[in-house]
Amino acid sequence: MCAGYKILILAYLTTEIWMERQYLSQREVDPGAEFTRNHTISEGTRFKRAVFEGQYCRRFGCCADRDDGCVTQFYEADALCYCDKFCERENSDCCPDYKSFCREEKGWPPRTKPWSPEGCHRDGQHYEEGSVIKENCNSCTCSGQQWKCSQHVCLVQPGLIEHVNKGDYGWTAQNYSQFWGMTLEEGFKYRLGTLPPSPLLLSMNEVTASLTKTTDLPEFFIASYKWPGWTHGPLDQKNCAASWAFSTASVAADRIAIQSQGRYTANLSPQNLISCCAKKRHGCNSESVDRAWWYLRKRGLVSHACYPLFKDQNATNNGCAMASRSDGRGKRHATTPCPNSIEKSNRIYQCSPPYRVSSNETEIMREIMQNGPVQAIMQVHEDFFNYKTGIYRHITSTNEDSEKYRKFRTHAVKLTGDFSERQTE
């Protein structure tokens, strides 16, 4: 149907151009005037060009005074003829039925509007009435030959990315294709997933690293350079709101490897936390980091190889697949095999109680240098989803409808170093 409309429109425009050429050859007009379809034919004087033999003005309608758009095809003479009063001149170009119809009849029939296909156009394409298209995160419906679009704030905002990269804000932005088509609310709901710090967590005493001199801090530091093979890269949480589990498992795995001097280097399983630690056993709906550390200390986690991430986190059979028992001395041992049957080691990894590090940047740097990566809880605004490199700071939205953008959620990340830019994973 769409292709038929394109062909029909193209043929219609071609006929108009031919007719205009015929018109210019027969009427005296100002050479400097532009004769275009939009400027010479006013509203209400454009009609269907279907003409029955012997009926011209009778089908087309009559026009008072001079109206250069009051023209139709005179097929018998292979020419154009007019139904306006100006055609009554020395070299008449009136249609054959002009006098009998326009001069004799007082009640002229109403003029018809030009035929055009119903529907809407976008980017050179025709869409039928009722069609729905997607523009980033918004749906647009063709209704009454107009597009009516939803007004969601999108997770990817090209204007914001350009604004950040053109300004001097200390960080750069990027368009992440996996976020295209998502709303800001969906980003908050599915791509973060840490509850605000509890009063218990905020009341913890801060611990200071033993390094005391600022000169002890290098210009550049990355944990993986100091402890190669003992730290782990970030896993993709996809649309599972469980940054609480991913960051906790990753920091714990790094710390265990560093403190054991490389004896235990397995990456720990965030799925173990998601399926077994969270309330109602569905950890993709956010949870607190203090609950994650409690579980890691009391129950322990298996490796990521033993308990890998589920492809579908919303499946109904994603219950806890690991069980363990205590040996009476605080150490726990798995009583079930790995969910991944290929992996044979179901060793349970536990850790000592967590401690709180000062929010002072220098203290954080010292802690990372001495003991390894740390976990951080931060407030995330809409611009964070476009973060690429640099020191992230929230940029206040310049959008006129800024109320939609004044929202934030809590996110948990692993800090690994790079003191020149303080990058996060």
Side-chain angles (χ1 to χ4, degrees), residues 119-196 234-244 246-247 284-286 309 311-314 376-413 423-425:
C120 305
H121 288 82
R122 179 66 58 94
D123 298 329
Q125 280 193 298
H126 177 266
Y127 295 85
E128 294 182 1
E129 192 78 6
S131 297
V132 179
I133 62 174
K134 197 83 180 288
E135 285 199 343
N136 198 347
C137 70
N138 287 299
S139 296
C140 299
T141 304
C142 176
S143 176
Q145 298 186 339
Q146 291 183 343
W147 289 109
K148 296 182 179 179
C149 302
S150 57
Q151 299 298 315
H152 299 299
V153 178
C154 297
L155 195 57
V156 176
Q157 302 170 42
L160 176 60
I161 296 173
E162 183 180 5
H163 177 67
V164 172
N165 291 336
K166 284 185 175 180
D168 184 18
Y169 299 107
W171 61 282
T172 59
Q174 177 176 314
N175 182 344
Y176 293 98
S177 58
Q178 64 267 37
F179 293 161
W180 187 262
M182 294 181 67
T183 65
L184 178 59
E185 285 300 325
E186 288 172 334
F188 283 150
K189 182 177 180 181
Y190 299 117
R191 303 299 300 201
L192 303 177
T194 297
L195 298 178
L235 298 173
D236 186 358
Q237 70 181 72
K238 298 183 179 178
N239 284 338
C240 173
S243 61
W244 66 276
F246 282 82
S247 58
C284 285
N285 289 335
S286 299
L309 295 169
K311 291 183 178 180
D312 181 10
Q313 294 288 356
N314 295 315
I377 301 174
M378 61 188 293
Q379 287 183 346
V380 166
H381 296 257
E382 79 285 349
D383 54 355
F384 182 77
F385 293 97
N386 302 123
Y387 170 83
K388 182 181 179 183
T389 59
I391 305 173
Y392 169 73
R393 294 183 179 88
H394 169 55
I395 299 174
T396 304
S397 174
T398 57
N399 193 288
E400 294 179 358
D401 198 9
S402 58
E403 282 298 325
K404 292 183 178 180
Y405 299 84
R406 292 176 184 172
K407 300 178 181 179
F408 62 85
R409 296 292 188 275
T410 313
H411 190 42
V413 297
Q423 292 186 11
T424 64
E425 288 187 347

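Only a predicted model underlies this, so the values are computations on that prediction, with no experimental measurement involved. Computed from heavy atoms alone, side chains included, the values below leave out hydrogens, waters and symmetry copies.
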Trainee: Given Val413 and Ser247, is the side-chain contact (heavy atoms from CB on, under 4.5 Å) satisfied, shown in steps?
Mentor: CA-CA 5 Å; Val413 297; Ser247 58; 5.7 Å; no
Trainee: May I ask you to test the Glu382-His394 pair for a side-chain heavy-atom distance under 4.5 Å?
Mentor: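 Heavy-atom side-chain distance check passes, below 4.5 Å.
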Trainee: Can you tell me if Lys238 has over 12 outside heavy atoms packed within less than 6.0 Å of its NZ?
Mentor: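 Result for NZ/Lys238: open.
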Trainee: Evaluate the side-chain proximity of Val156 to Tyr176: yes if any heavy-atom separation is below 4.5 Å, no if none is.
Mentor: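 Contact flag for Tyr176/Val156 side chains = no.
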Trainee: For the residue pair Leu192 and Phe188, establish whether any side-chain heavy-atom pair is separated by less than 4.5 Å.
Mentor: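 Contact flag for Leu192/Phe188 side chains = yes.
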Trainee: Just verifying a value: how many Å separate Thr141 OG1 and Trp147 CH2, rounded to the nearest 0.5 Å?
Mentor: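 Thr141 atom OG1 to Trp147 atom CH2 measures 8.0 Å (nearest 0.5 Å).
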Trainee: What is the minimum heavy-atom distance between Ser139 and Lys134, and which atoms define it?
Mentor: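 Scanning both residues, the minimum pair turns out to be OG-CD, 3.7 Å.
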Trainee: Under the 3.5 angstrom rule, does the side chain of Gln151 hit a backbone N or O of Cys149 as a donor-acceptor pair?
Mentor: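 It does hold such a pair.
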Trainee: Hey, what's the ring geometry for His121 with His126, parallel, tilted or perpendicular (30° and 60° as the breaks)?
Mentor: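 Judged by the thresholds at 30° and 60°, the geometry between His121 and His126 is perpendicular.
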Trainee: Decide if atom CZ of Phe385 counts as having more than 12 heavy atoms of other residues, nucleotides or ligands within a radius under 6.0 Å.
Mentor: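 Atom CZ in Phe385 is packed in, count exceeds 12.
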Trainee: Give a yes-or-no answer on whether the side chains of Thr389 and Thr172 include a donor-acceptor pair shorter than 3.5 Å.
Mentor: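 Side-chain D/A pair, Thr389 to Thr172: present.
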Trainee: Filter on salt bridge (Lys or Arg N to Asp or Glu O under 4.0 Å), then keep only pairs touching residues 153-165, sequence neighbours left out; what's left?
Mentor: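 Sorted pair list: Glu162-Lys166.
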Trainee: So which heavy atom on Gln237 is nearest to which on Ala242, and how close?
Mentor: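 Closest heavy-atom pair between Gln237 and Ala242: NE2-N, 3.7 Å.
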Trainee: Indicate yes or no: at least one non-hydrogen side-chain atom of Cys142 is less than 4.5 angstrom from one of Glu129.
Mentor: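 Counting from C-beta outward, Cys142 and Glu129 do come under 4.5 Å.
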Trainee: Taking atom CG of Asp236 and atom CZ of Arg191, what is their separation to the nearest 0.5 Å?
Mentor: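 Output value for this atom pair is 5.5 Å.
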Trainee: Quick check for you: to the nearest 0.5 Å, what is the distance between Phe179 atom CZ and Tyr190 atom OH?
Mentor: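 Phe179 CZ to Tyr190 OH: 14.5 Å, rounded to 0.5 Å.
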Trainee: Start with the C-alpha gap between Arg122 and Ile133, add the side-chain angles, then the distance that decides, and say whether side-chain contact (heavy atoms from CB on, under 4.5 Å) holds.
Mentor: CA-CA 10 Å; Arg122 179 66 58 94; Ile133 62 174; 4.1 Å; yes
Trainee: So, for Gly193 and Ser286, which heavy atoms are closest and what is the spacing to 0.1 Å?
Mentor: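 Gly193 and Ser286 have their closest heavy atoms at CA-OG, 3.2 Å.
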Trainee: Looking at NZ of Lys148 and SG of Cys140, how far apart are the two atoms once the value is rounded to the nearest 0.5 Å?
Mentor: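 The NZ atom of Lys148 sits 12.5 Å away from the SG atom of Cys140.
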Trainee: Determine whether Asn175 and Trp180 make a side-chain contact, defined as any pair of heavy atoms from C-beta on separated by less than 4.5 Å.
Mentor: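 Asn175 reaches Trp180 side chain to side chain.
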Trainee: If you compare all heavy atoms of Ala412 against all heavy atoms of Ser243, which two are closest, and at what distance to 0.1 Å?
Mentor: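 Of all heavy-atom pairs spanning Ala412 and Ser243, the closest is N-OG, 3.4 Å.
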Trainee: What pair of heavy atoms forms the shortest contact from Leu160 to Asn386, and how long is it?
Mentor: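 What the structure gives for the nearest pair is CD2-OD1, 3.9 Å.
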Trainee: Find the distance between CD (Gln174) and CG (Asn165) and round it off to the nearest 0.5 Å.
Mentor: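 Atom-to-atom, Gln174:CD and Asn165:CG are 9.5 Å apart.
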Trainee: Can you tell me how far apart SG (Cys137) and CD (Glu186) are? Round to the nearest 0.5 Å.
Mentor: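 Interatomic distance, Cys137 SG to Glu186 CD, rounded to 0.5 Å: 7.5 Å.
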Trainee: Let me see the working for Leu309 and Phe246 under side-chain contact (heavy atoms from CB on, under 4.5 Å), right down to the final yes or no.
Mentor: CA-CA 11 Å; Leu309 295 169; Phe246 282 82; 3.7 Å; yes
Trainee: Under 6.0 Å between ring centres: does that hold for Phe384 and Tyr392?
Mentor: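 Yes, they do, as the ring centres are separated by less than 6.0 Å.
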Trainee: What's the shortest heavy-atom distance between Arg393 and Asp383, and which atoms?
Mentor: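 What the structure gives for the nearest pair is O-OD2, 4.0 Å.
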